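Remember, predicted model here, so these are calculated numbers, not experimental data.
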Amino acid sequence: NDLPGSDAKTWNFSAGYNITLVEGRNDYEFIVTDKVLKTATLKRTFLYDNKEPVVTIISPALNSWNGVKSLDVSGNVTEDTGISKIGYKVVEGSSGMVPSDPPSWTPFTVNGNSISASITASEGVNTLWIYAQDSIGNSNSSSPLSHEFKVDTEAPVLTVDNEAIINLKTSDTGIVFSGTATDSAQL
């Protein structure tokens with residue numbers, strides 16, 4: 001390496017400077033000036049990202065009841081450096097153990113920051129697991145987002161204990177009904 005101020009026409013250098021990058025975009029400008037004060041400028045942008053993508057599911061709403069098994073999922077993903085993978089897996093039951101191999105889950109359709117998918121859920125409680133990885137490699141693979149929702153496609157069942165009162169004709173104003181209402185979901 002030649003030192004600045006020598007008569008060399010080429011000066012090789014490596015930046016030994018400690019540059020501190022902040023989250024997001026970092027713009028730097030490198031300027032070199034020769035002995036007759038002519039300059040050359042080189043501009044560079046660095047994107048620093050050490051955070052995983054943030055995913056929000058809009059529909060189906062968290063803990064919502066849905067009357068059909070075929071549902072359209074929609075949501076948003078926030079990430080400064082771009083998304084390289086975003087996928088989902090639907091599991092019957094409450095969230096518990098994360099399903100295996102998140103990077104291999106079914107990919108969402110991505111349009112800008114919006115994500116969507118058509119899914120088929122099971123009757124009762126379902127968990128939608130979401131895996132996201134940005135273009136730098138930050139991901140939520142160690143703790144994918146879980147989003148619970150419920151499906152109830154069956155009508156409730158109503159029974160009356162005393163069938164004799166179906167076509168009852170009476171002058172009594174104090175009629176007592178009793179029976180049972182059941183459903184596979186909440187009433």
Note to self: Show me the pairs that pass ring pair (Phe, Tyr, Trp, His ring centres under 6.0 Å) and involve residues 112-148, at least two apart or across chains.
What the structure shows: none
Next item on the list: Would you list the pairs meeting ring pair (Phe, Tyr, Trp, His ring centres under 6.0 Å) in which at least one residue belongs to residues 43-64, sequence neighbours left out?
Entry: Y28-F46
Check: What is the distance from atom CD1 of I31 to atom OG1 of T41, rounded to the nearest 0.5 Å?
Finding: 4.5 Å
Check: Which residue pairs pass the salt bridge (charged side-chain N to carboxylate O under 4.0 Å, His left out) test with at least one member in residues 22-31, sequence neighbours excluded?
Finding: R25-D27, E29-K43
Item checked: Partner residues of N111 under the side chain to side chain donor-acceptor pair (under 3.5 Å) criterion, sequence neighbours left out -> none
Check: Quick one: CD on E52 to OG on S143, what's the gap to the nearest 0.5 Å?
Finding: 5.5 Å
Notebook entry, point to check: Are the side chain of N140 and the backbone of A132 linked by a donor-acceptor contact shorter than 3.5 Å?
Noted result: yes
Item checked: Whether N66 side chain and P60 backbone form a donor-acceptor pair below 3.5 Å -> no
Checklist line | Co-members of V157 in a cluster of I, L, V, M, F, W and Y side chains, linked at under 4.5 Å | finding: none
Notebook entry, point to check: Quick one: salt bridge (charged side-chain N to carboxylate O under 4.0 Å, His left out) partners of K38, sequence neighbours excluded?
Noted result: none
Note to self: Quick check for you: to the nearest 0.5 Å, what is the distance between L21 atom CG and D49 atom CG?
What the structure shows: 11.5 Å
Margin query: Could you check whether any side-chain N or O of S135 sits under 3.5 Å from a backbone N or O of T81, counting only pairs where one atom can act as donor and the other as acceptor?
Written below: yes
Item checked: Check: N138 side chain, D134 main-chain N or O, donor-acceptor pair, under 3.5 Å -> no
Margin query: Using modelled atom types and a 3.5 Å cut-off, is there a donor and acceptor pairing between side-chain atoms of S178 and backbone atoms of D161?
Written below: no
Margin query: Which residues pass the side chain to side chain donor-acceptor pair (under 3.5 Å) test with T127, not counting sequence neighbours?
Written below: none
Note to self: Testing the basics here: between P53 and S139, what is the closest heavy-atom pair and its distance to 0.1 Å?
What the structure shows: CD-CA, 4.4 Å
Note to self: Using the side chain to side chain donor-acceptor pair (under 3.5 Å) criterion, which residues pair with S118? Sequence neighbours excluded.
What the structure shows: D72
Next item on the list: With rounding to the nearest 0.5 Å, note down the distance linking CD in E79 to OG in S84.
Entry: 9.0 Å
Check: CD/E92 to OG/S122 distance, rounded to the nearest 0.5 angstrom?
Finding: 4.0 Å
Next item on the list: With rounding to the nearest 0.5 Å, note down the distance linking CD1 in I136 to CG in L47.
Entry: 6.5 Å
Check: Taking only residues two or more places apart in sequence, or in another chain, which ones meet E123 in a side chain to side chain donor-acceptor pair (under 3.5 Å)?
Finding: T153
Checklist line | Within-4.5 Å side-chain heavy-atom neighbours: D152 and D183 | finding: yes
Notebook entry, point to check: Going by distance alone, is a donor N or O of one side chain under 3.5 Å from an acceptor N or O of the other, for S95 and E148?
Noted result: yes
Margin query: A side-chain contact here means heavy atoms from C-beta on lying under 4.5 Å apart; do K150 and S64 qualify?
Written below: no
Notebook entry, point to check: Which residues, ordered by chain and number, are linked to I130 in its hydrophobic cluster, where ILVMFWY side chains connect at heavy-atom gaps below 4.5 Å, directly or through other members?
Noted result: V55, I57, V68, L71, V73, V77, I83, I86, Y88, V90, F108, V110, I115, I119, L128, L145, F149, V151
Margin query: My understanding is that a hydrophobic cluster links ILVMFWY residues whose side chain heavy atoms are under 4.5 Å apart, including indirect links. Using that, what else belongs to the cluster containing L158?
Written below: none
Note to self: Tell me every residue that passes side chain to side chain contact (heavy atoms under 4.5 Å, CB included) with T78, counting only those two or more places apart in sequence or in another chain.
What the structure shows: V54
